[in-house]
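I have placed the structure first, in the form of structure tokens, so that the comments after it can refer back to it.
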Amino acid sequence: MTVLRKCRRKCGIKKILFLIILCTSVWYMGTVFNKSRGVREVWNVKGSFNATDGHCGTQCGKDQLSFYVKTGVETKQGPNMCYQNKVIISDKKKNYDRGMNVIVINDKTLEIEFTKIYDTYIDDYDFLRDMKSKVNEGNLVIIASYDEVSENLSEDGKRWLKLFGSEVIDQVLFRDSFLFIGQKGLRQGYAIEFTQSRGEKLFADSIEKMGCFTLPLGPISPVEEMLPKLIAQSNIRLGDNLENCGVTSSCEVKQFPVMVSCGMDSKVLPEICVGGRMVMDRKTNDAGRGINVVIVDHKTSLPKAATRFDTYEKDSSNLDFLLEGLVEDDIIIAAVFDDASRKLGFHTRELLNQLGSSMAQNIKFRDVWYFIGQKGIDGFTNMEMISYAGMDAEWPKPLKASFCVPKKIIGSQTLPDPPVHRNLVRREFCKKYDGYGEFCDTSHVDDMFLQPADLVDEERKDNPVYSSPIVIVPGLNHNALIRTMETTMMQQGINPDNVLIAWDEKFPEQAELATMFQFRNISLSGSLHYSDQMIKAIEETAKMFLDSEYMIVIEEELILSPDFLFFLAQCTDVLSKDDTLLGVSAFNFNGFEETSYNKYLMYKVEDFPGVGFMIKMNVYTQRMKGAMKMCCDERSWTGWSLPEYNETHAGYMLVPDVSRVYRHSYQGAYDEDYLTGLFNRPRETSLDQHVQLQGLHTLTDKYDSEIRRYIKSSVSINHIDVTKCLSNGNTISLIDEQQKNYVLFYKQSNREGFYLLRKIMKCFKFNIPRDRSPKNMYKGILRFTYMKHNVMLIGSKSKFIQSKPETIQIFKDV
Ligand SMILES: *[C@@H]1O[C@H](CO)[C@@H](O)[C@H](O)[C@H]1NC(C)=O
Ligand SMILES: *[C@@H]1O[C@H](CO)[C@@H](O)[C@H](O)[C@H]1NC(C)=O
Ligand SMILES: *[C@@H]1O[C@H](CO)[C@@H](O)[C@H](O)[C@H]1NC(C)=O
Ligand SMILES: *[C@@H]1O[C@H](CO)[C@@H](O)[C@H](O)[C@H]1NC(C)=O
């Protein structure tokens, strides 16, 4: 009317005529359109439903089908659904539930095939499966919503409704009402459908409709044609040749070669090769993000499907469909690229599990994974690997492998060894704390923690070392602490309950590390200096392990030799026999590459303690306890001085020629020259598991006669060589291969005079600063190995000068 009135004012009669013709043609086209969509009439109704007479009050013409549908009312009233005037689902019958209440009708017989409720609030897996495979092409479905239908109706679920003719399903949001009548394969837009939006309300109003229609509701085509090409098994294009798919030897009969590669990060695309031809790669069959899948016919060994599911972007129900459609003995090859986890559903993972995967459950963001399984496999395939992304989703280590795949894959009943999984505790820790480079990097963050190793030699079990406390005193380098803990855990016979991490209360992460490693932690009040922390650690440990015979102390930045504990254990016999022996040091201050080589050899020395050491508990209780600040307030390299230490009341430590601990190189500024000289030069450290020490019995009060015996069996270092070395600054070379033992007697002005000794030591590549005493002295002698020879330097004020053979001269400085 408005248009006409406007026209009368503004346009002439011709224009009105034109308008009429236009309208007529639109009406005509409308009829044609209506024909292709079948006859349908739909009414709005209110309260027409009257189940008491068993009818729904719909009057339709001959050959027409009738319906009455009222969607649920909030959660108060269930949906009512009639087909052909019969009540199928109703509030009264109580055969409804949350989600989509569905009636499926055979389009040929017009009989009801089944009714079912799909709770798409929770998930739409059943809905998808039924719509794909249980509902036949052309079948009619009538749907009424109740309570909530949209929450977990996936993209794929909506796509399937569109395959039934829906146009409005995308508009259905939380607690909206939805009424739908469609057919499988119906062209989109031809369904009878209504939505009611919730707006501001808690629930949308109910939709109530009644009507008549004829079948088909519109153009119907096979759903297969509308699905992505993967499901219809199109001809597979084969790519380049790859000889034997990279398998080095040719495969046996009843096997065929396969190569899988997950590519690299998001740049190098994944590849799958079967029987010497690329089936998926950069150029072939759309390799890319998500799960790349090739299905191989087990009889012909030829690929029969190759496809990709971008399960980063879309849910995995298409993959489900493919997997569920496999026939017995089909072989599946899968490779993940970039990310496949985001929308990879639980059900899909279960299907993969049934095909022989033990790892599909573990795939998370950016993890890559390959898998070769088979329909009907019994157990798990051994052709599967997963590589985890890093803490911050760093790209995982790339995976690539070639196999000869048997046509019948024999599954294993147990999980593949070693089981691959995520170390969640460690990841948690790594998320919390920065700076744990290797411990937290992609290739290590999922490593399992070491488990304590039992003693192989049962007889050693009762050795007190294996029940003594081991106190680790961490410094600031936490990566070094981890290596200390790892090498501690590797000790055969270790009991983690005896290992104490003495952490400064400022660094709780050290306690957390201790717990992760199954060690105990003792919290110490904050210390300004490392030596204070050391004192507290020793005091606390002694309190906790009063009855222990020994205490083992591991300083910061140490790595333990594989035979660390075994080495200490061998010493307990001699320690217990001699009260003057205080303990064992595992570190030889003089143990540089050139000056240390005999891993069976031990010395007795006056230095106390070491860097990593074991002392008798009674040494602590009798001589140190309560006096730590006086005796032991220095760093161990400076040395501690036990109270009342004199010739008759002395104490000695045992020291190996080859160290049993290695200290990380020193990087501080404090006393830099001395400490870098000590710790940053190449050192000898034992790497063997079972070194049987020799001559331990001579380390008691027999040691002096052992030294005399040594002197008798040795020759003097050539004084001319020494003189030369002192004048030109070179080092001495000992060349006599036969002779192993050397001595050099040198002139001393007094017993503490090391002036000449320092100079001579330079000839053996030692560099002792003027304000430091040489290490490893014993009653005025110094023993070490040099270029695989035993060397003993003896001062003229030493008591051993008495053993000097007449023929040997005392060396004097020129
Ligand atoms: C429903 O049907 C019964 C029986 O035919 C009738 O008695 C009753 O009045 C009807 N109710 C409504 C609301 O139409
Ligand atoms: C919807 O699905 C997600 C993913 O499976 C699930 O975590 C969530 O609990 C589901 N929602 C409901 C309401 O069940
Ligand atoms: C330290 O050890 C105690 C038990 O002695 C334990 O309860 C505590 O959790 C440990 N601390 C940490 C941070 O693990
Ligand atoms: C050494 O110290 C002990 C213990 O204090 C003492 O009894 C002894 O007399 C001292 N000996 C010498 C030579 O000073």
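Because the structure is predicted, anything quoted here is derived from the model rather than measured.
With 3.5 Å as the limit, one finds no donor-acceptor pair spanning the side chains of Asp367 and Asn362. In this model, a donor atom of one side chain and an acceptor atom of the other lie less than 3.5 Å apart for Asp657 and Tyr603. Inspection of the Ser596 and Asn588 side chains reveals no N or O donor paired with an N or O acceptor under 3.5 Å. Between the side chains of Thr785 and Asn598, no donor-acceptor pair is found at a separation under 3.5 Å.
Across all their heavy atoms, Glu557 and Ala480 have their closest contact at CA-CB, 3.8 Å. Nearest heavy atoms, Glu540 versus Leu524: CG-CD2, 3.7 Å.
Each side chain to side chain donor-acceptor pair (under 3.5 Å) pair with one or both residues in residues 604-619, not counting sequence neighbours, would appear here, but there are none.
Annotation: cation-pi pair Arg683/Tyr662 absent, no NZ/CZ under 6.0 Å from the ring centroid and within 45° of its normal.
Classified by interplanar angle (parallel below 30°, tilted 30° to 60°, perpendicular above 60°), the ring pair Phe429/Phe439 is perpendicular.
For Gln518, the side-chain contact (heavy atoms from CB on, under 4.5 Å) criterion is met by Gln451, Pro452, Met489, Pro496, not counting sequence neighbours.
Tyr703 has its ring centre no less than 6.0 Å from the ring centre of Tyr652. In this structure, the ring of Trp637 has its center no less than 6.0 angstrom from the ring center of Tyr674.
Within 6.0 Å of NZ in Lys506 there are more than 12 heavy atoms belonging to other residues, nucleotides or ligands.
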